[in-house]
Amino acid sequence: MSSVATDVVKANRSGFAGACFASRRWQIPESRSMLAMPPAAAQALADLMPLLLCGEESAEFVFAAAVPELPKRVDPVLPIELARIADDERRHGMYLSALRSRLPPPADRGATRQATRFLRKLATTDLGVHLARVAALDASFCQVLAEICRPGTEIAAVPELAELFRRIRSDEGRHVRVSRRCAAALGVTAQTEHAERSWVVREFAALMTAATPAFAAVGVDMQRLLDRLERTSTRSAARGSG
Ligand SMILES: [Fe+2]
Ligand SMILES: [Fe+2]
């Protein structure tokens, strides 16, 4: 383990992450009540939750595992940023699980099975490539969050929900930039990064397309979402998640 990574691990053990990032924390208001949404929209959001949770838990472990693997001469900020992302992902998972508890049960387990299959496809033993894939997944997720929070959707009509998704989107945009930098530090070329991104976004778009009726029920135009994903797949890596 590099000395920088060791410092990060020590810092986390001593509560560094909690102290440094406490001001950035945000809690979804605790309530046992169901969200104030039309029943059909609440059911559709419940059916979409496995897709929205896609990657949160697995990403937490990827980022935590990446810290000791970075080369010793890497920018010392990167391991700290990775540790911060692992913390974010843990928090996102908690928020989304809390949200799920305020929704009806999913109509079936189809979305869960599809999300699991998708995540299995992303698995690789090459950590750099895995980070490039996670960057592409987070960039794609940002596009979904942007569309579901657009004025006029059922999510935009519930302020606490819109705020939750906006905050997660803000975090994910940072994750994309840090993940790409770490992938490059681990030897992933721009050409490989582009190829991986195109593949991941295409697979992600197929996953979302299968849920078109649920997206429509919360007011998301699937063609707009697919157009956003297409732009994500082709844009230059230097432009971030946009
Ligand atoms: Fe996340
Ligand atoms: Fe993320």
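Read the numbers this way: they start at 1 and go in the same order the structure lists the ligands and their atoms.
Look at D171 and the Fe ion (ligand 2): no N/O/S atom of the residue is under 2.8 Å from the metal. Here D88 fails the criterion, with no N, O or S atom under 2.8 Å of the Fe ion (ligand 2).
Nearest N/O/S atom of E172 with respect to the Fe ion (ligand 2) is recorded as OE1. Restricting H92 to its N/O/S atoms, the shortest distance to the Fe ion (ligand 1) is reached by ND1. The name of the N, O or S atom in D138 nearest to the Fe ion (ligand 2) is OD2. Atom OE1 is the N/O/S atom of E89 found closest to the Fe ion (ligand 1). Closest N/O/S atom of H175 to the Fe ion (ligand 2): ND1.
Of the N and O atoms on the side chains of Q191 and H194, not one donor lies less than 3.5 Å from an acceptor on the other residue. One side chain, T192 or T189, offers a donor N or O that lies under 3.5 Å from an acceptor on the other.
With hydrogens and angles ignored, the 3.5 Å screen pairs a side-chain donor or acceptor of R177 with a backbone N or O of G173. S97 contributes a side-chain N or O that, together with a main-chain N or O of G93, makes up a donor-acceptor pair within less than 3.5 Å.
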I would like to know whether H175 and E89 meet side-chain hydrogen bond (donor to acceptor under 3.5 Å, both in side chains); could you show each step before the answer?
CA-CA 10 Å; H175 299 180; E89 300 296 14; 3.0 Å; yes
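Between L48 atom CG and L53 atom CG the span is 11.0 Å, to the nearest 0.5 Å.
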